[in-house]
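Have a look at the structure below before the remarks.
In what follows, residues are counted from 1 in the order of the sequence shown.
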Amino acid sequence: MSDFWRPAGAGVASVVAGVGAAELVSAVVVQNGSPVLTVGALLIDLAPAWLKEGVIGLFGTGDKAFLIVSLAVVVVAGAGFAGWLERVRPPLGRILIGVGGAVGVLAAVTRSGNSIVDALPSVLAAGVAILLLGWLIRMLRDTEPTRVAPNGRVTRRRFVGSTAATAAGGAVALITGQVIAGGFRAASATRAAIRLPAPARTAPPVPPGASFDIPGLSPIITSNADFYRIDTALQIPGIQPDDWKLRITGMVEDEVELTFSQLLALPLEESTTTLTCVSNEVGGDLIGNATWLGYPIRHLLARAKPSADADMVLSTSQDGWTASTPIEALTDERNAILAVGMNGRPLPLEHGYPVRMVVPGLYGYVSATKWVVSLEVTRFDRHTAYWTERGWSERGPVKLSSRIDVPAAGRQVKAGTVAVAGVAWSQHVGVSAVQVKVDDGPWQQATLADAISADTWRQWRFAWEATPGAHTLRVRATDANGKVQTAAVRDVVPDGATGLHTVRVTVV
Ligand SMILES: Nc1nc2c(c(=O)[nH]1)N[C@H]1C(S)=C(S)[C@@H](COP(=O)(O)O)O[C@H]1N2
Ligand SMILES: [Mo]
């Protein structure tokens with residue numbers, strides 16, 4: 001009997017550990033792509049209608065649970081069989097697990113909207129299970145007596161202990177993965193059901209002249225899907241709006257507490273603001289422009305009545321990240337908001353759902369706290385924030401900058417009139433001119449598209465009479481105060497890069 005059950009147990013333990021590792025990694029890294037659920041989804045798609053109806057008829061709303069349990073039974077039985085097979089005919093057991101992993105890969109890549117990345121958890125599950133099965137079965141073989149070691153080279157106890165530890169480790173990983181992924185899935189589900197209120201004040205419409213129709217030029221509004229994402233969150237917080245609360249504390253006369261429904265009941269305002277990361281290199285793409293829906297932070301701070309001594313607001317996210325924002329940026333007339341909406345949708349989870357800060361004119365690391373839960377009114381000489389503790393500047397106003405989008409660097413273009421175009425920004429100040437320099441020629445005026453506001457980037461274009469050969473294009477912007485963008489090259493640390501975006505193209 002043990003000739004079957006011991007290797008079968010090793011098979012089950014290895015597969016539990018493989019699946020557990022994959023579920024944990026996919027919950028943390030991909031935030032999705034559970035191999036078990038992916039295979040389950042494939043089965044639902046493949047099942048004939050009569051079977052689906054029969055199962056729904058028998059189990060009603062328990063149909064999904066029935067599917068998962070059936071799948072688990074099949075996987076456990078298959079894993080046990082693979083263990084036995086590996087014992088009697090190595091490496092057939094490991095090959096069988098590989099086939100199981102291939103089914104997971106197939107299930108992942110055939111789901112609509114999935115990419116090759118979604119197949120990685122299945123590959124990981126099979127890989128881990130194959131390694132562990134090889135290890136356990138070798139150990140099992142070593143428990144048998146040989147001429148040199150009449151009692152076997154390892155004890156049965158050690159094999160049983162290793163198998164049990166493998167299974168237990170796998171189970172812990174599996175459960176942890178489910179708990180983590182569960183929070184994310186639950187938050188995604190409530191987000192999908194949220195109806196944002198109509199704004200009490202709509203954003204000034206994007207003027208038709210704000211946008212040139214030039215292929216390759218950044219759209220004037222960045223879609224949520226294309227918006228850059230920067231944060232320290234290995235695991236995106238899955239916050240339920242009903243559990244969300246903002247506290248305003250510190251150097252205030254009256255502490256303020258605000259729930260999500262209270263926030264939505266306030267007169268929300270729409271504004272279009274360009275967000276940028278201090279880590280954006282010259283010419284980089286860590287910048288995006290969205291129409292946000294939110295409530296001005298200055299009104300909430302006014303309720304709290306900050307002390308005149310306070311010069312900073314330390315915002316904290318649900319996962320403990322902090323930003324230090326000069327208090328005047330949150331109390332002056334600019335649109336510093338607690339945002340709940342992004343381009344007409346509730347904030348995407350990765351962009352701070354349910355509530356984040358958006359402050360025009362400051363880099364994200366000192367202002368744009370996602371998943372924000374607290375504002376502490378304080379002083380720069382009393383508190384530091386996440387990035388300022390790591391060598392970045394205490395203050396982070398966005399620097400005047402510009403970028404060439406087309407032609408892309410290294411491109412070949414045809415001689416004749418070539419559209420050179422890009423974006424320029426100087427949040428909360430505004431851009432008044434953009435100039436382009438070809439090789440060692442003079443600076444020439446580019447044409448600016450209409451501005452949405454001083455808080456957003458501005459498109460520009462320049463008609464270049466390109467002659468054959470290798471050429472260098474440079475761009476520089478001038479802000480609304482007449483300040484010209486510096487050519488001095490500085491790194492992103494400690495307060496943002498400077499220098500001119502330069503693109504080399506070949507004209508044929
Ligand atoms: N909670 C939290 N908020 C955060 C960060 C973070 O790491 N954690 N990163 C900040 C930085 S450095 C930037 S540039 C912006 C980026 O916002 P986005 O990911 O929505 O583009 O978020 C800011 N808010
Ligand atoms: Mo950033």
Would the distance check show the side chain of [X] and the main-chain N or O of [Y] forming a donor-acceptor pair, the cut-off being under 3.5 Å?
{"X": "Arg490", "Y": "Gly496", "value": "no"}
{"X": "Asn224", "Y": "Met342", "value": "yes"}
{"X": "Ser317", "Y": "Trp371", "value": "no"}
{"X": "Lys370", "Y": "Ile230", "value": "yes"}
{"X": "Trp292", "Y": "Ala290", "value": "yes"}
{"X": "Thr222", "Y": "Asn289", "value": "yes"}
{"X": "Tyr365", "Y": "Ala385", "value": "no"}
{"X": "Gln262", "Y": "Thr259", "value": "yes"}
{"X": "His501", "Y": "Ile404", "value": "yes"}

>> Within a 6.0 Å radius of atom CZ on Arg390, are there more than 12 heavy atoms belonging to other residues, nucleotides or ligands?
In response: yes
> According to the interplanar angle, ranging from 0 to 90°, do the rings of Trp321 and Tyr386 count as parallel (below 30°), tilted (30 to 60°) or perpendicular (above 60°)?
Replying inline: tilted
> So Trp84 and Phe4, would you call those rings parallel, tilted or perpendicular, with 30° and 60° as cut-offs?
Replying inline: tilted
Min side-chain heavy-atom separation [X]-[Y] under 4.5 Å:
{"X": "Ser402", "Y": "Trp425", "answer": "no"}
{"X": "Leu217", "Y": "Gln459", "answer": "yes"}
{"X": "Ser188", "Y": "Arg191", "answer": "no"}
{"X": "Pro346", "Y": "Val340", "answer": "no"}
{"X": "Phe260", "Y": "Val355", "answer": "yes"}
{"X": "Leu258", "Y": "Leu266", "answer": "yes"}
{"X": "Pro7", "Y": "Leu140", "answer": "yes"}
{"X": "Thr322", "Y": "Thr388", "answer": "no"}

> Do Arg87 and Asp3 meet the salt-bridge criterion of a basic N to acidic O distance under 4.0 Å?
Replying inline: no
>> Do the side chains of Arg229 and Glu350 get close enough for a salt bridge, i.e. N-O under 4.0 angstrom?
In response: no
> Could you go step by step and tell me if Trp244 and Leu263 meet the side-chain contact (heavy atoms from CB on, under 4.5 Å) rule?
Replying inline: CA-CA 10 Å; Trp244 181 87; Leu263 175 57; 4.0 Å; yes
>> Between Leu349 and Phe184, does the side-chain contact (heavy atoms from CB on, under 4.5 Å) criterion hold? Intermediate values first, please.
In response: CA-CA 8 Å; Leu349 267 71; Phe184 187 83; 3.4 Å; yes
> By salt bridge (Lys or Arg N to Asp or Glu O under 4.0 Å), which residues pair with Arg247, not counting sequence neighbours?
Replying inline: Glu257
>> Going by salt bridge (Lys or Arg N to Asp or Glu O under 4.0 Å), name the residues that satisfy it together with Glu376, two or more places apart in sequence or in a different chain.
In response: none
Give the minimum heavy-atom separation between [X] and [Y], together with the two atoms involved.
{"X": "Ser271", "Y": "Asn335", "result": "CB-ND2, 3.7 Å"}
{"X": "Gly177", "Y": "Leu24", "result": "N-CD1, 3.8 Å"}
{"X": "Ala82", "Y": "Ile97", "result": "CB-CG1, 4.0 Å"}
{"X": "Leu347", "Y": "Pro354", "result": "CD1-O, 3.7 Å"}
{"X": "Gln318", "Y": "Pro237", "result": "OE1-CB, 3.3 Å"}
{"X": "Pro397", "Y": "Tyr363", "result": "O-CE1, 3.3 Å"}

> Are Arg153 and Thr143 close enough, and set up right, to give a side-chain contact (heavy atoms from CB on, under 4.5 Å), and what steps lead you there?
Replying inline: CA-CA 6 Å; Arg153 288 198 294 143; Thr143 63; over 6 Å; no
Not counting sequence neighbours, which residues clear side chain to side chain donor-acceptor pair (under 3.5 Å) with [X]? List them please.
{"X": "Glu255", "result": "none"}
{"X": "Asp226", "result": "Ser223"}
{"X": "Thr384", "result": "Glu389"}

>> Checking Thr274 against Gln427 for the side-chain hydrogen bond (donor to acceptor under 3.5 Å, both in side chains) test, could you report, in this order, the C-alpha distance in whole Å, the side-chain angles of both residues, the deciding distance, and whether it holds?
In response: CA-CA 7 Å; Thr274 298; Gln427 284 91 313; 5.0 Å; no
> Regarding Thr272 and Thr291, is there a side-chain donor-to-acceptor distance under 3.5 Å anywhere?
Replying inline: yes
> Do the side-chain N and O atoms of Asp495 and Ser393 include a donor-acceptor pair separated by under 3.5 angstrom?
Replying inline: no
Nearest-0.5 Å distance that lies between atom [atom1] in [X] and atom [atom2] in [Y]:
{"X": "Ser315", "Y": "Ile248", "atom1": "OG", "atom2": "CD1", "value": "11.5 Å"}
{"X": "Leu293", "Y": "Asn343", "atom1": "CG", "atom2": "CG", "value": "11.0 Å"}
{"X": "Leu375", "Y": "Leu330", "atom1": "CG", "atom2": "CG", "value": "7.5 Å"}
{"X": "Thr273", "Y": "Ile337", "atom1": "OG1", "atom2": "CD1", "value": "6.5 Å"}
{"X": "Thr155", "Y": "Met139", "atom1": "OG1", "atom2": "CE", "value": "9.0 Å"}
{"X": "Ile297", "Y": "Thr325", "atom1": "CD1", "atom2": "OG1", "value": "7.5 Å"}

>> Going by the rule side-chain contact (heavy atoms from CB on, under 4.5 Å), which residues pair with Ser218 if we only count those two or more places apart in sequence or in a different chain?
In response: Arg403, Asp405, Val423, Trp457
> Where do Val123 and Val105 land on the side-chain contact (heavy atoms from CB on, under 4.5 Å) test, with the steps shown first?
Replying inline: CA-CA 7 Å; Val123 174; Val105 168; 3.7 Å; yes
